[in-house]
Chemist: 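First the structure, which I've put down as C-alpha cells, then a few questions once you've had a look.
Worth knowing before you read on, the calculation uses all heavy atoms, side chains too, and leaves out hydrogens, waters and symmetry mates. We count ligands from 1, going down the list as the structure has it; atoms in each ligand are counted the same way.
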Amino acid sequence: MKVKNKQEMIENYKKLHQMTEQVGEALMNNQFELYYQPIVQSNGEISNFEALLRWNHPKEGVMSPALFLPYLEETGMMIPIGEWVVTQLVEQLALWNKRYKKINISFNLSMPELLSGEVIKTLVRNCDAHAVRPEQITVELTESMKSPDATTLKRLVNEIKDYGFRIAIDDFGTGYASLEKILTIQPHYLKLDRLFVEQLSTSTQVHYILEAIVKLAHQLQMEVIVEGIETAEQKKYIERLKVRYMQGYFYGKPQPAEKIEGKWSRVLRCC
Ligand code: C2E
Ligand code: MG
Ligand code: MG
Ligand code: MG
C-alpha cells in the first residue's frame, strides 16, 4: 500500500490495525463466504469454478476482497484467511464430487500466502481428509509487491505442482505478471487480465496483443483463460482466437454455492 505523507501514514496504520481486528472477529463470527464463478469451455461445457472471497460485513454489506485484502497482505491475517478459504473450498468440492460430475475449483493465492507455506499445507491436509484429488484444484497466483526472487518462487511453485495441484498465473499482462514469470512458474494456465477484453472495442492494437499472447501460450503448451467477458461480441471475438476457457459476467457472476447449484446443477449432473 503506497502512502504519501505522515498524515496518510497514520491513517493507514489506523486502518490496518482496525482491519486486522475486524477480520479476526469476522473469522470467528462466520462472516466470510466463498462465492463461485463459472469458467466455461469454448464447447459450452462447465468444468471449473473460481472461488472468490466475500466478507458479509454487518455494516457494509457484502464486501469484495479488493477492499480489504490489500491491508491484510501487510499483516499476518492473510494466512488464517487463506487457510479458511482452502478448508472451505475442499469441503465444497468433496460435496460436489458426491453430487455431480468431477469439476475443478480454482482459488487465489497471494504472495504472502505462498511464502508462508501454511495455506498449501492446510490445503494438502484437507484434500487428504476429504479424499479430494489435487488435480481438481488450481492455484491462481496473484500479483503482489512481495514477489520473491526467481529461485525461491520456482521452488515454492514446484512444491505445489509436486502435490499435483495445477498452477495459473492470474491477471497476466498487467502489473507484476511478466514474461519472466512464465519461465519461472511454467504454469498450466495463463489467465489474461480483463483489461484486454475491456479494450477490444476501442483498440485494434489490443487485438494484436491478444492474438500474440494466445499464440505464445499455446506454443508453450499452456491453456489460456480469458477473464472479464461481458458481451456476446467479446465472446465471439475471443472464441475466434481458439481460446479454450472463458470467464465473465456474460456466463455468470460470482454467487454463493447454493445459488450456483440452483443455476448449474442440471449441467453439472450430466456427462
Ligand atoms: P481475480 O482473481 O482476478 O478475480 C476476478 C475478479 O473479477 C473478481 O473480483 C470477479 O468478481 C471479477 N469479475 C469476473 N468477471 C467479471 C466481468 O465480466 N466483469 C467485471 N467487471 N469483473 C468481473 P472479486 O471477486 O472482487 O475479486 C478481486 C480480486 O481479489 C481477485 O481478482 C483476486 O485477486 C482477489 N481474491 C479474491 N478472492 C481471494 C481469496 O480467497 N484469496 C486471495 N488471496 N485473493 C482473493
Ligand atoms: Mg483469480
Ligand atoms: Mg484475474
Ligand atoms: Mg485481479
Side-chain angles (χ1 to χ4, degrees), residues 23 26-27 31-40 48-57 60-90 92 104-116 118-120 122-123 137-147 166-177 181 187-201 224-235 238 245-257 259-260:
V23 159
L27 269 175
Q31 289 169 9
F32 287 106
E33 186 172 9
L34 285 184
Y35 277 29
Y36 294 89
Q37 185 180 30
I39 299 175
V40 179
N48 199 333
F49 288 90
E50 179 173 2
L52 293 156
L53 186 63
R54 294 292 180 268
W55 180 357
N56 296 316
H57 196 281
E60 311 285 335
V62 182
M63 275 171 80
S64 156
L67 296 173
F68 57 93
L69 285 189
Y71 291 99
L72 302 186
E73 288 201 8
E74 296 183 30
T75 72
M77 284 312 277
M78 209 48 237
I79 313 305
I81 297 253
E83 293 190 275
W84 181 86
V85 167
V86 296
T87 305
Q88 202 64 28
L89 74 86
V90 171
Q92 188 64 65
N104 300 330
I105 288 185
S106 309
F107 76 99
N108 297 281
L109 194 78
S110 62
M111 282 302 156
E113 293 172 273
L114 176 72
L115 284 173
S116 109
E118 288 306 317
V119 178
I120 294 298
T122 306
L123 177 65
I137 295 175
T138 300
V139 181
E140 296 191 0
L141 293 175
T142 57
E143 62 186 48
S144 161
M145 314 264 293
K146 293 175 190 136
S147 196
R166 304 275 182 255
I167 299 277
I169 293 184
D170 203 355
D171 306 325
F172 184 75
T174 61
Y176 299 90
K181 283 250 167 71
H188 303 87
Y189 303 99
L190 210 52
K191 281 192 91 164
L192 303 196
D193 198 85
R194 71 164 188 271
L195 182 106
F196 294 111
V197 175
E198 256 170 34
Q199 295 187 11
L200 266 179
S201 59
V224 176
I225 305 170
V226 173
E227 290 192 274
I229 296 182
E230 294 184 355
T231 68
E233 292 76 51
Q234 290 170 343
K235 169 185 184 272
I238 297 299
Y245 298 97
M246 286 162 283
Q247 183 179 3
Y249 294 169
F250 179 78
Y251 301 99
K253 287 195 172 179
Q255 286 185 310
K259 289 226 170 102
I260 286 291

Chemist: Is ligand 1 under 4.0 Å from a heavy atom in the side chain of Lys253, in the backbone, in both, or in neither?
Modeler: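 None of Lys253 does.
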Chemist: Looking at every heavy atom in both Pro254 and Tyr35, which two are closest together, and how far apart are they?
Modeler: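 It is O-CD2, 3.4 Å.
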Chemist: Look at atom 39 (C) of ligand 1 and find which of Leu141, Asn108, Asp193 reaches it with the closest heavy atom.
Modeler: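 Nearest heavy atom to atom 39 (C) of ligand 1 lies in Asn108.
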Chemist: Could you check if a side-chain atom of Val224 sits within less than 4.5 angstrom of a side-chain atom of Phe172, using non-hydrogen atoms only?
Modeler: no
Chemist: Below 4.5 Å, heavy atoms only, C-beta onward: do Asn48 and Glu50 meet side chain to side chain?
Modeler: no
Chemist: Relative to ligand 1, is Asp171 under 4.0 angstrom through side chain, backbone, both or neither, heavy atoms considered?
Modeler: side chain
Chemist: Identify, by atom number and element, the atoms of ligand 1 in contact range of Asp170, meaning under 4.0 Å from any of its heavy atoms.
Modeler: 1 (P), 2 (O), 3 (O)
Chemist: Measuring only between side-chain heavy atoms, which start at C-beta, is Ile105 closer than 4.5 Å to Tyr36?
Modeler: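 Contact flag for Ile105/Tyr36 side chains = yes.
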Chemist: Would you name the heavy atoms of Pro38 and Gln247 that are closest together and state the gap between them?
Modeler: O-CG, 3.7 Å
Chemist: Short question: side chain of Thr138, backbone of Ile167 - any donor-acceptor pair under 3.5 Å?
Modeler: no
Chemist: Any donor-acceptor pair under 3.5 Å linking the side chain of Gln234 with the backbone of Glu230?
Modeler: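 Indeed, once roles are kept as given, a pair shorter than 3.5 Å links the two residues.
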Chemist: Grab the two heavy atoms, one from Gln255 and one from Ile260, that are nearest each other, plus how far apart they are.
Modeler: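 In terms of heavy atoms, the two residues are closest at O-CG1, 3.5 Å.
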Chemist: Please assess Ile120 against Leu109 for the test side-chain contact (heavy atoms from CB on, under 4.5 Å), listing each intermediate value before the final yes or no.
Modeler: CA-CA 9 Å; Ile120 294 298; Leu109 194 78; 4.1 Å; yes
Chemist: Checking contacts here: is it the side chain or the backbone of Lys191 that comes within 4.0 Å of ligand 1, counting heavy atoms only? Could be both or neither.
Modeler: neither
Chemist: Which residue from Gln37, Arg54, Gln88 reaches closest to atom 25 (O) of ligand 1 through any of its heavy atoms?
Modeler: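 Looking at heavy atoms only, Arg54 sits closest to atom 25 (O) of ligand 1.
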Chemist: With respect to the Mg ion (ligand 3), what is the nearest N, O or S atom of Asp171?
Modeler: OD1
Chemist: Could you confirm whether Thr142 has any N/O/S atom lying under 2.8 Å from the Mg ion (ligand 2)?
Modeler: no
Chemist: Could you confirm whether Glu50 has any N/O/S atom lying under 2.8 Å from the Mg ion (ligand 2)?
Modeler: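 Yes.
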Chemist: Number the atoms of ligand 1 from 1 as they appear, then name those within less than 4.0 Å of a heavy atom of Glu230, with their elements.
Modeler: 17 (C), 18 (O), 19 (N), 20 (C), 21 (N)
Chemist: Taking the N/O/S atoms of Glu227 one by one, which is nearest to the Mg ion (ligand 3)?
Modeler: OE1
Chemist: State the atoms of ligand 1, each with its element, that fall below the 4.0 Å cut-off from a heavy-atom position in Thr142.
Modeler: 34 (O)
Chemist: Heavy atoms only: give me the nearest Arg194-Gly228 pair and the separation to one decimal.
Modeler: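 The answer is CB-CA, 3.5 Å.
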Chemist: Can you check side-chain contact (heavy atoms from CB on, under 4.5 Å) on Asn108 and Leu53, steps first, answer last?
Modeler: CA-CA 9 Å; Asn108 297 281; Leu53 186 63; over 6 Å; no
Chemist: Under 4.0 Å from a heavy atom of Ser64: which atoms of ligand 1 are those, numbered in the order shown and with their elements?
Modeler: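 Taking each heavy atom of Ser64 in turn, ligand 1 has 26 (O) under 4.0 Å.
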Chemist: What N, O or S atom of Asp170 is found closest to the Mg ion (ligand 2)?
Modeler: OD2
Chemist: Return the option from Val85, Ile229, Leu52 holding the heavy atom at the smallest distance from atom 31 (C) of ligand 1.
Modeler: Leu52
Chemist: Classify the ring geometry between Phe32 and Phe68 as parallel (under 30°), tilted (30 to 60°) or perpendicular (over 60°).
Modeler: tilted
Chemist: So if I count the atoms of ligand 1 from 1 in the order they appear, which ones are less than 4.0 Å from some heavy atom of Gly228?
Modeler: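 Selected atoms, number and element: 17 (C), 18 (O).
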Chemist: Looking only at heavy atoms, is any part of Leu69 under 4.0 Å from ligand 1, and if so is it the side chain, the backbone, or both, or is it neither?
Modeler: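 Under 4.0 Å from ligand 1, Leu69 contributes side-chain atoms alone.
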Chemist: Under a 4.0 Å heavy-atom limit, does Leu53 contact ligand 1 with its side chain, its backbone, both, or neither?
Modeler: both
Chemist: Is there an N/O/S atom in Glu140 that lies less than 2.8 Å from the Mg ion (ligand 2)?
Modeler: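 Yes, Glu140 qualifies, because one of its backbone or side-chain N, O or S atoms lies under 2.8 Å.
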Chemist: Show, in sequence, the C-alpha distance, side-chain angles and deciding distance for Glu227 and Phe196, and conclude whether the side-chain contact (heavy atoms from CB on, under 4.5 Å) test is met.
Modeler: CA-CA 9 Å; Glu227 290 192 274; Phe196 294 111; over 6 Å; no
Chemist: Are any of the heavy atoms in Gln247 under 4.0 Å away from ligand 1?
Modeler: no
Chemist: If the cut-off is 2.8 Å, does any N/O/S atom of Asp193 fall short of it from the Mg ion (ligand 3)?
Modeler: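 Of the N, O and S atoms in Asp193, none lies under 2.8 Å from the Mg ion (ligand 3), which means no.
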Chemist: I want to confirm something. Looking only at heavy atoms, which of Gly248, Ala66, Pro65 is nearest to atom 37 (C) of ligand 1?
Modeler: Pro65
Chemist: For the pair Ser116 and Met78, evaluate side-chain contact (heavy atoms from CB on, under 4.5 Å) and give the outcome as yes or no after the intermediate values.
Modeler: CA-CA 10 Å; Ser116 109; Met78 209 48 237; over 6 Å; no
Chemist: For ligand 1, which atoms sit closer than 4.0 Å to a heavy atom of Met78?
Modeler: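 That gives atoms 44 (N) of ligand 1.
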